[in-house]
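Notes to accompany the following structure.
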Amino acid sequence: MTATTNTSTNRNTNKEAFLNTIAAKLGRERRTEVQRPAIREFIPDSYGPLTTDNLVEILKEQCFFIHTQVIESTRELLQRTLDDLIEANGGGNVMTSGDPRFREYGLAFPDAAVWEEAAGRAENIRRAESANTAIVFADCALAESGTVVLESRPDQGRSLHFLPAHYIAVVEREKLVLRSTDAAAALNRRIQDGEPVGSSINFISGPSNSADIEMKLVVGVHGPLRATYVLI
Amino acid sequence: MSLQTDSRNFSERTTDGLGDSFMRSAVGSAQDSLKTRRLSAATALGDWEQWRNVGQLIRQHTLENLDYYLEQLAGNIERQGGHIYFAATKEEASSYIRDVIVRKQATKIVKSKSMVTEEIELNRVLLEAGCELTETDLGEYILQMDDWDPPSHIVAPALHKDRRQIKRVFTEKLGYTGDETPENLAGFARTVLRQKFLEAEVGITGCNFAIANLGAINLVTNEGNGDLTAAIPKTHIAVMGMERIVPTLEEMEVLDNLLCRSAVGQKLTSYITVMGPSAAGETDGPEEFHLVVVDNGRSDILGSEFNEALQCIRCGACLNVCPIYRHIGGHAYGSIYPGPIGAVITPLLGGYDDYKELPYASSLCGACTDVCPVKIPLHEQLIMHRQNIVKQKRTGAADRIQMKAAAKLLSSPALFGKTLRFAHSASRMMSKQGRIVRGPALLQGWIRSRDLKQPVKQKDSFRAWLEQRKGGAEQ
């Protein structure tokens, strides 16, 4: 009891001393209110107005450079597209997130594992590690950088995006925006309104890769070896 | 490893670098390809100069209000049940982390690449505490397996090694039996490290930027090791230099774009993640989250003439354009922070006693300043260092005498003219077949590797020739 109190007092003293040093070096009192500069006004817009079709073209072009396959499908064909992709990945175990859109779109993968709160930490990680293909729904996608954005939730863990060998993200066309500026602004609006966001927000742009050996690009290092986006 | 990676003197270290032809060709081709990639990614963003201005604005605003944003960050981390610790020194930082690990009775640690953990000598402290520690960034893992060889680039730490050396390390240390293709070497490391991730009890990462209004950290990676380090172990400890913070995700987005494009020429790297303590109901991610904020000399830079050096976002673009880095390589700097930014901040963090040569490892061409995405006036700061070093009389006596003589000579046209007249006969003793081969220390650096022509006779000099021509034209 005493030990805990001491530690937390020490930590607090540490913090106060630390921040006081900073204020002193800056030659002023500690600040309790700050107006942040309106940076959005300064960010140049180099694209102008764009239609969804324009965004799809930008996304496809970028995905070519980041070794990511883009498949255009429809809500009706989605099940078949995903089944074909699972097969093309060599079959094996499939793990999906528990996203409600799987049910909404009437998708079913027999024998597939699902990330679920009830399974607990060790079991969810074990399932993800033994999965050959992961399938998730993107919250939104960024055309310019070829990025899918996803938040962690009880039905969608962090390691689901990293442990399986192949990664498939379904992207609804209407969720496509131009670039990270748009996604960051939308997320920050939610944070400022006090809405909860996932404890992990993932901006994923293609498969994992490294150029640590002789600057030669190797696709597939710790995370997925291959990434596919299915546009519907 | 601490800030210092090599205790030998600067000239021994550079001699090593200059003599390592593999390293020099590896660094040269890496620089060429990174330069091209940076340029195309920067151009793709449109008005790059305006983006740099915004980057500079964000960094300067954050530094001016650093106490405010750090306090906001602390409140938001604690509100989510996370812990934040403010460490004034490197010893405080590394002992706090060791104590957390000891309290957890953990021994299996995975780490993702972080320069600040090198600075606080975390690996040494944890190894001494009996931890089994694994660096999981591919480049860092190669260095660890090669008996903790120091990194030579802040983004590509194993740049100085070729595939044959890497294969040899894997074969000797890990029983690797495959060939030397990068794909197979990386695939082998993937298998070994996958097991380490699954067994780890504590994950340690750096932090590209902390987000003050969210109470989270941002990691920018390509391999996915940073995310696995934070997702799988039950405890996540993140370490950040105190200046690496942004107000909100909006500023983070601008800096991440500048960082990815400047560092590796990508629009965004494969994995950009904003992460904090796990929320209720989430089954992976850290049950216990610690953020360690490190000062270790940074507050002395704050508000000083070198304040702008703290704007650095560690992209390494200045290394990739530096002609000196190209020739001497990263190890010659003797610091975990090499290149132009290393030559600026290493003497600030480690003092002139050990690092007074580094500000001279520059031709002052200014290429570093031109590429810096947050507009740090790097070459001007190197000149400021040199002025301080001279003012503090830290240059050698011989250097001082020679510089004084040179100043006198070069500031008087009459004296300069007279000297030129006698230069040919005066240099006769030092020359052989029209080239100077001996001379005072000031000349040695040049003539060791290049020819220096002996000054010509007065009558053959350019000035004399010009006078004659003038005369000719008038006639």
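Note that these values count all heavy atoms, side chains included, but never hydrogens, waters or copies made by symmetry. Bear in mind that the values here come from a model prediction, so they are computed numbers and not experimental data.
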Portion of B:T181 that has a non-hydrogen atom of chain A nearer than 4.5 angstrom: neither
Top contributor to chain B contacts, counting heavy-atom pairs under 4.5 Å, from A:F65, A:W115, A:Y47: A:W115
A:S199 side chain to B:E282 side chain, donor-acceptor N/O pair below 3.5 angstrom: yes
Parallel, tilted or perpendicular: rings of A:Y167 and A:H161 (30°, 60°): perpendicular
Residue among A:A17, A:P224, A:A227, A:G223 with most heavy-atom pairs under 4.5 Å to chain B: A:G223
A:F18 and B:F86 aromatic ring geometry - parallel, tilted or perpendicular at 30°/60° bounds: tilted
N/O donor-acceptor pair under 3.5 Å between B:Q80 side chain and B:L214 backbone: yes
Chain A contact via B:P277 - which portion, at a heavy-atom distance below 4.5 Å: backbone
Heavy-atom contact with chain A under 4.5 Å, split by part of B:I232: both
B:R261/A:E144 ion pair, N-O < 4.0 Å: yes
Interchain contact, B:L63 with chain A, by part (heavy-atom threshold 4.5 Å): backbone
Residue part contacting chain A, namely of B:E251, when any heavy atom lies under 4.5 Å: both
Part of A:E29 within contact of chain B (heavy atom distance under 4.5 Å): backbone
